[in-house]
Protein chains: 2
Amino acid sequence: MTVRFTTHLADGREIFYFDRLPGADRSAVDQRTDLPPAHTTSQIRWDPLFRDYTTVAGHRQQRTYKPPADLCPLCASKDGKHTEIPADDYEVVVFENRFPSYSLNSADVVPLIDEPPFRSGPGAGRAEVVAFTSNHDLPFSQLPPEHVRTVIDAWADRTTGLSAYGSIDYVFCFENRGEEIGVTLSHPHGQIYGYPFVPPRFYKAGEAFEHHLERAGTCLQCDLMKAECEDGSRIVTTSEHWVAYVPFAARWPYEVRLVPRRHVPDLPALDDAERDDLARTYLTVLKAFDGLFDTPTPYIAGWQQAPVRRAREVWHLAAEIFTIRRAPGKLKYLAGSESGAAVWVNDIAPETAAQRLREAVPT
Amino acid sequence: MTVRFTTHLADGREIFYFDRLPGADRSAVDQRTDLPPAHTTSQIRWDPLFRDYTTVAGHRQQRTYKPPADLCPLCASKDGKHTEIPADDYEVVVFENRFPSYSLNSADVVPLIDEPPFRSGPGAGRAEVVAFTSNHDLPFSQLPPEHVRTVIDAWADRTTGLSAYGSIDYVFCFENRGEEIGVTLSHPHGQIYGYPFVPPRFYKAGEAFEHHLERAGTCLQCDLMKAECEDGSRIVTTSEHWVAYVPFAARWPYEVRLVPRRHVPDLPALDDAERDDLARTYLTVLKAFDGLFDTPTPYIAGWQQAPVRRAREVWHLAAEIFTIRRAPGKLKYLAGSESGAAVWVNDIAPETAAQRLREAVPT
């Protein structure tokens, strides 16, 4: 049972403490008197040629960039230092990003423009930061399973919370780990974006779920999982409630899809047993990634949940975890083909990647 | 008038020399006797969930990685060294990549699999390398305009050449410049991919052109160009035949769309005057990019041409040039939002980017 305590930072942003047991005092008040009011000009613009939204967030250029450890904004506030987290200790914390890509406030300051071909509007979503642990040096993969369970509960709780805002159409919980992929704060943390539209990749997946149900009468994700289990060559690890495999058409050197065996649309729909099992299985997958190389593997991990208002019945939850490292010291860059044409070229066969990941699963 | 001379390398790959004037002797024979036959297992796999092709090219893991300058495979062959280019000098050369993402030969060795949900087939396309100049240290932006004209003619010629293969559906000419975006050979060069399918980004643009023509009766690219010229705030430079502007919904910190004023589908359709003017205008844009920072700007530049067999009537050619550098020493990384959800967050407003690029245009 996870306990949530909600309060506000000095500039009005929300902060949520998640604890495994009741009793912890998280009522500390943010002591910072010099914090300017949170302000954002986040804007979404429509690209009529490539039929995508782009988000323009000019205020983010000034965001905190690789601060020294003693100025870490994600550590707890103590020894006279005031961070983003007022309490002097915490388990898992979620708070609104001070340099957000999206903000509900932007609706008040960013106009709606509808002068074709120019169309834009406020980025009326939300960007939250998840501090996974108060321990500055403990990577996610080293957290105890019961602590990961609290993280999972926090993700699920915030998914429900953000889904309640009328302007938010998709909730995306993700972690960027490693300087190689541009992480500017080394404290173990993830992010939650409440997008004011359904991201194009997930919009397409929603359509794929719908088409497959119409044509085959079954869930595409369920069918893929069954086919992978029968084939076996791309399976990384399985557990009572979860299956982890490298997709047949993986885009990245090492990429894992982690799927619940039960057909559920999103994290809030997972039951207790599935969450406990997820904590262990997710750790197994992350440890396999870290076992691939001599140094910690940079990775991106994200939850593909059902959109807030569409394709919910047909959607089947999955996590996608991948690294851009293709060999020690060598990264997969998104150059002309990927960034210019949206065509991924993967130098490692998915069956090879799965075998190496299986070998890296801790015993 | 550009002259082309075609021959073969020791392992059977094609090589094309392009010269501004007739008379140069490019008949030198590839002296390498130890070159193994070109071999590729390039495969395209269908991803039924995100409805995309992924290319799997396992043989590319062994490709040449940052060789020292005296072992550069793109320099001319002389002083007893045998490179990929047998002649002892050249102007512009195109040849088949020895570690290709696509190869027509793959059709002979890679099976077609159609066992749903698993569907894959040979990557029966082509990957070519364009050496822009024999001068190892001269970046594209420093080439003389008449030399750039030869590069343009080479791009146009290879577009026509690759379009003639029945299995190639799209010809993409592009340049990756800079270690920051993963370039493994420093000799100034670009690439040409003949994709065995229409890349998803261009497939969507083809549909956008078609829908706009149906609805508005006009060309979307023409309309965008006119609207940008009238607005003016995102224009970077214009010339008699070309307009360069930062798109309203630009995804990258600095991004330019370079469009011919005349409605043409692809590079081969450009006339002499448009090509000469392009050589000068393209150099102006590249020099503006290099003027943004104290060190050479890493960039990706690619030509958005009409697909070989569809949407040709409605398509309007453009080049896209962009950098991932958002500030000195700071890159825009494609992390969770971009790589996981396909949502680009741009920290620099397009109007700001256009102003800085205009200020960096050489006078």
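Letters go in sequence order (proteins before strands), and every chain restarts at 1.
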Any side-chain donor near an acceptor of the partner, A:Y245 and A:R257, under 3.5 Å: yes
What residue in [options] has the most heavy-atom pairs under 4.5 Å with chain A?
options: B:G302, B:P253, B:A335; answer: B:A335
options: B:T352, B:L49, B:D52, B:L224; answer: B:L49
options: B:A205, B:P116, B:A249; answer: B:A249
options: B:F197, B:F248, B:W344; answer: B:F248
options: B:A349, B:S337, B:P247, B:P117; answer: B:S337
options: B:A227, B:G340, B:A342; answer: B:G340

For chain B, the option from A:V198, A:D231, A:L220 that forms the most heavy-atom pairs under 4.5 Å: A:L220
Part of B:Q43 within contact of chain A (heavy atom distance under 4.5 Å): neither
Side chain, backbone, both or neither of B:Y170 within contact of chain A (heavy atoms, under 4.5 Å): neither
Check: A:Y299 ring centroid to A:Y254 ring centroid under 6.0 Å: no
Lys/Arg N to Asp/Glu carboxylate O, B:E179 vs B:R325, below 4.0 Å: no
